[in-house]
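Here's the structure, in structure tokens; my notes come after.
All figures in this text were calculated on a predicted structure; none of them were measured in a lab.
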Amino acid sequence: MNRGVLYLIACAAGPARYLDRGIVRAREAGWSVCVVLTPSAARWWEPRVAELAEMTGHPVRSQYKLPHESDALPRADAMLVAPLTTTSACKWAAGITDTLALGLPAEAVHLGIPVAAAPFWSTALGAQPAVGQAVDTLRAQGVRVVFGPGEPHAPKQGDAAAFWDTALDALT
């Protein structure tokens, strides 16, 4: 089954280290996957970014393209921001699209492209009032924000490897 093109957008949280697992799960679910990373997540994958490109068959993006450059990725049929951090949630909800990883879903949700997010953050970070407001704002815009089992987690207790077992459920 071909479900179309999924932009898998990863922020710099523990599960981003296991992004290859997310790619495998998405491909098993029938998606053609394109990876977009926040600048911090791109630093984590820098020595191995070619692996991600090989797995997906598409270049990995983390920066906006220059005006004279053509799009390197096919048009998305859906987007999943996973793992979503508190920082990225707050910036996205406030309309701050200073990174490609936030600009793409911020625009897509208003163009009718399904956008989902799977947060990964601690209860301590999630307790900040701005975080709950950001989640509410994103949902009001049409973003499907789905907290997986154990999320938010106690500080230093999140299961980053197991995150990908359910993260793609946010799409359905």
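- No continuous path of ILVMFWY side-chain contacts below 4.5 Å connects Leu6 to Ile113, so the two sit in separate hydrophobic clusters.
- Arg25 contributes atom CZ, which lies 7.0 Å from atom CD of Glu28 (distance to the nearest 0.5 angstrom).
- Glu54 CD to Ile23 CD1: the interatomic distance, rounded to the nearest 0.5 Å, is 11.0 Å.
- Taking the side chain as every heavy atom from C-beta outward, Val146 and Asp169 never approach each other to under 4.5 Å.
- Under the 4.5 Å side-chain contact rule for hydrophobic residues, Val33 and Met79 do not share a cluster.
- Minimum heavy-atom separation, Ala41 to Cys11: CB-C, 4.0 Å.
- In this structure, Val81 is not a member of the same hydrophobic cluster as Leu37, with clusters built from ILVMFWY side-chain heavy atoms closer than 4.5 Å.
- To the nearest 0.5 Å, atom CD1 of residue Ile9 and atom OG of residue Ser62 are 12.5 Å apart.
- Listed by first and then second residue, the ring pair (Phe, Tyr, Trp, His ring centres under 6.0 Å) pairs involving residues 148-172 are Phe120-His153, Phe120-Phe163 (not counting sequence neighbours).
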Throw together a table of side-chain donor-acceptor distances under 3.5 angstrom for residues 94-109, partners on residues two or more places apart or in other chains.
{"unit_1": "Asp98", "atom_1": "OD1", "unit_2": "Lys91", "atom_2": "NZ", "d": "3.0"}
{"unit_1": "Asp98", "atom_1": "OD2", "unit_2": "Lys91", "atom_2": "NZ", "d": "3.1"}
{"unit_1": "Thr99", "atom_1": "OG1", "unit_2": "Leu102", "atom_2": "N", "d": "3.3"}

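- A donor-acceptor contact shorter than 3.5 Å links the side chain of Arg144 to the backbone of Thr172.
- No donor-acceptor pair closer than 3.5 Å links the side chain of Arg27 to the backbone N or O of Val24.
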| task | Check the pair Arg48, Asp20 against side chain to side chain contact (heavy atoms under 4.5 Å, CB included), reporting the backbone distance first and the verdict last. | result | CA-CA 10 Å; Arg48 298 176 47 211; Asp20 47 343; 3.9 Å; yes

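- Scanning both residues, Leu168 and Ala26, for their nearest heavy atoms gives CD2-CA, 3.2 Å.
- For the pair Arg61 and Gln63, the tightest heavy-atom approach, listed with the atom from each and the gap, is NH2-O, 2.8 Å.
- Within the structure, the side-chain hydrogen bond (donor to acceptor under 3.5 Å, both in side chains) test picks out the following pairs touching residues 66-90 (sequence neighbours left out): Thr85-Ser88.
- For residues 12-62, no pair satisfies ring pair (Phe, Tyr, Trp, His ring centres under 6.0 Å), with sequence neighbours left out.
- Looking at heavy atoms from C-beta onward, Leu73 lies in side-chain contact with Val36 at the 4.5 angstrom threshold.
- Between Pro83 and Ala16, the closest heavy-atom pair is CG-N, 3.8 Å.
- Phe147 and Leu84 fall within a single hydrophobic cluster, where Ile, Leu, Val, Met, Phe, Trp and Tyr side chains are chained together by heavy-atom contacts under 4.5 Å.
- With contacts defined as side-chain heavy-atom distances shorter than 4.5 Å, the pair Leu125/Val131 does not qualify.
- Heavy-atom minimum distance, Arg3 versus Ala29: CD-O, 2.7 Å.
- Across all their heavy atoms, Ala116 and Ala170 have their closest contact at CB-O, 3.4 Å.
- Criterion: ILVMFWY side-chain heavy atoms under 4.5 Å apart, direct or through other members. Under it, Tyr7 and Val145 are part of a common hydrophobic cluster.
- Applying the ring pair (Phe, Tyr, Trp, His ring centres under 6.0 Å) test to every pair with at least one member in residues 72-92, sequence neighbours left out, gives no pairs at all.
- Within the structure, every pair that satisfies the side-chain hydrogen bond (donor to acceptor under 3.5 Å, both in side chains) test and touches residues 119-141, not counting sequence neighbours, is listed here: His110-Gln141.
- Two residues are said to be in side-chain contact when any heavy atoms from C-beta on lie closer than 4.5 Å; Leu8 and Thr56 fail this criterion.
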